[in-house]
Undergrad: 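Please read through the structure below; I'll follow up with questions.
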Amino acid sequence: NNTTGTSNSFFGFQSGINNTTGSANVIIGWQAGYANTGGSENTFIGSSTSGYGAGYGVTTGSNNVALGGETFKATMTGSYNTALGYGAMTANTTGVNNVSVGYQAGYNNTYGARNSCIGTFAGYEQVNLVANQLPDHNHKLSGSTNQTYYALNNNTTSPNDIGATL
């Protein structure tokens, strides 16, 4: 389907199959970057047994990085996002400048901007938090051994909380 896109690298079954105008993408994995039509400068690496490879739903978003199956699964036009970990930022649609690291971190963030979710399930229930970075805004961390996996899990309104379980 590629018509005018240039400098793309697609590896894996149906990876980048719908790309038409996107350029400078690196897409690796089964159905990774599947819906990408015009997004450029994206890096998607990962497959999933459910059929949703990394960056599966990104259509026109650019400058995104996804590592892990089911990252950016929803139809997405957002740009400058980083999702590392299986299911990270699965529901993101128009969110920009977000970083989610960990299993299903930032899972339900659909249109929030400038969020940092680090750890298993960190920011899982967040839908639209804005400007949640260090040092003066929400920074969602979750911990490890024998401690809760949720930090600010149900916080939906406060722009200046710091939550961590380490």
Side-chain angles (χ1 to χ4, degrees), residues 1-133 138 140 142 149-150 153 156:
N1 292 335
N2 195 56
T3 54
T4 60
T6 61
S7 303
N8 291 300
S9 297
F10 302 139
F11 301 97
F13 178 70
Q14 294 184 333
S15 66
I17 194 169
N18 291 305
N19 187 73
T20 54
T21 60
S23 296
N25 293 295
V26 175
I27 300 176
I28 302 170
W30 186 51
Q31 292 188 333
Y34 182 86
N36 187 54
T37 55
S40 295
E41 298 182 14
N42 292 301
T43 301
F44 303 142
I45 301 172
S47 297
S48 170
T49 56
S50 66
Y52 296 100
Y56 180 91
V58 176
T59 55
T60 57
S62 295
N63 300 292
N64 294 296
V65 175
L67 178 58
E70 296 198 21
T71 51
F72 302 141
K73 181 177 168 183
T75 301
M76 185 177 122
T77 58
S79 296
Y80 304 102
N81 295 293
T82 300
L84 307 175
Y86 186 87
M89 295 185 65
T90 293
N92 188 37
T93 55
T94 58
V96 296
N97 297 308
N98 294 294
V99 175
S100 291
V101 179
Y103 177 76
Q104 294 186 343
Y107 186 88
N108 284 310
N109 181 36
T110 54
Y111 50 95
R114 299 181 307 278
N115 293 292
S116 298
C117 301
I118 301 171
T120 300
F121 295 118
Y124 183 89
E125 295 295 330
Q126 307 306 316
V127 176
N128 183 31
L129 285 176
V130 178
N132 300 301
Q133 296 177 4
N138 289 331
K140 291 161 279 303
S142 73
Y149 288 120
Y150 304 97
N153 189 47
T156 57

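FYI, the numbering just counts along the sequence from 1.
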Undergrad: Taking C-beta and beyond as the side chain, do S7 and S23 meet within less than 4.5 Å on heavy atoms?
TA: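 Side-chain contact under 4.5 Å: no.
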Undergrad: Under 3.5 Å, side chain of N98 to main-chain N/O of N115, donor-acceptor pair present?
TA: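 The answer is yes, because a donor-acceptor pair under 3.5 Å joins these two groups.
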Undergrad: Return the orientation label for the F121 and Y103 ring planes: parallel under 30°, perpendicular over 60°, tilted otherwise.
TA: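 Rings of F121 and Y103: perpendicular, over 60°.
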Undergrad: Could you tell me whether the side chain of N81 and the main chain of S79 form a donor-acceptor pair under 3.5 Å?
TA: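 Indeed, once roles are kept as given, a pair shorter than 3.5 Å links the two residues.
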Undergrad: Treating N109 as the side-chain partner and N92 as the backbone partner, does any N or O pair qualify as donor plus acceptor under 3.5 Å?
TA: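 Not a single qualifying donor-acceptor pair exists.
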Undergrad: Determine the minimum heavy-atom distance between T60 and T77, stating which atoms define it.
TA: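 Heavy atoms of T60 and T77 come nearest at OG1-CG2, 3.4 Å.
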Undergrad: Measure across A54 and A66 and return the closest heavy-atom pair with its distance rounded to 0.1 Å.
TA: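 Looks like CB-O, 3.9 Å.
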Undergrad: Is there side-chain contact between F10 and N25, with at least one heavy-atom pair below 4.5 Å?
TA: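 Side chain of F10 against side chain of N25, heavy atoms only: contact under 4.5 Å found.
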Undergrad: Could you check Q31 against Y52 for side chain to side chain donor-acceptor pair (under 3.5 Å), going step by step and ending with a plain yes or no?
TA: CA-CA 6 Å; Q31 292 188 333; Y52 296 100; over 6 Å; no
Undergrad: Closer than 3.5 angstrom, by distance alone: can the side chain of T37 be matched with the main-chain N or O of T59 as a donor-acceptor pair?
TA: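 Here the side-chain-to-backbone pair exists.
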Undergrad: side-chain contact (heavy atoms from CB on, under 4.5 Å) for T3 and T21? Distances and angles first, verdict last.
TA: CA-CA 6 Å; T3 54; T21 60; 4.2 Å; yes
Undergrad: Keeping N18 on the side-chain end and N36 on the backbone end, is there a donor-acceptor pair under 3.5 Å?
TA: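 No, because the side chain of N18 does not come within donor-acceptor range (under 3.5 Å) of the backbone of N36.
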Undergrad: Of all heavy-atom pairs between T71 and L67, which one has the smallest distance, and what is that distance?
TA: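 Scanning both residues, the minimum pair turns out to be CG2-O, 4.0 Å.
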Undergrad: Are F44 and N64 side-chain neighbours, meaning at least one heavy-atom pair lies under 4.5 Å?
TA: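 Side-chain contact under 4.5 Å: yes.
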Undergrad: Without swapping roles, check the side chain of S47 against the backbone of W30 for a donor-acceptor pair under 3.5 Å.
TA: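 Between the backbone of W30 and the side chain of S47 there is a qualifying donor-acceptor contact (under 3.5 Å).
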Undergrad: Which pair of non-hydrogen atoms, one from C117 and one from A122, has the smallest distance, and what is that distance?
TA: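 Heavy atoms of C117 and A122 come nearest at CB-O, 3.5 Å.
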Undergrad: F11 and side chain to side chain contact (heavy atoms under 4.5 Å, CB included): which partner among V26, I45, I28, I27?
TA: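 In the set V26, I45, I28, I27, the residue that makes a side chain to side chain contact (heavy atoms under 4.5 Å, CB included) with F11 is I28.
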Undergrad: Would you mind reporting whether T110 and T94 have side-chain heavy atoms less than 4.5 Å apart?
TA: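 No, too far: nothing below the 4.5 Å cut-off.
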Undergrad: Side chains of E70 and Y86: does their closest heavy-atom pair fall under 4.5 Å?
TA: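 Yes, side chains in contact.
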Undergrad: Could you check whether any side-chain heavy atom of T20 comes within less than 4.5 Å of a side-chain heavy atom of T4, counting everything from C-beta outward?
TA: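 T20 does not reach T4 side chain to side chain.
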Undergrad: Answer yes or no: are there more than 12 heavy-atom neighbours, outside Y80 itself, under 6.0 Å from its atom OH?
TA: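 Not more than 12 within 6.0 Å, no.
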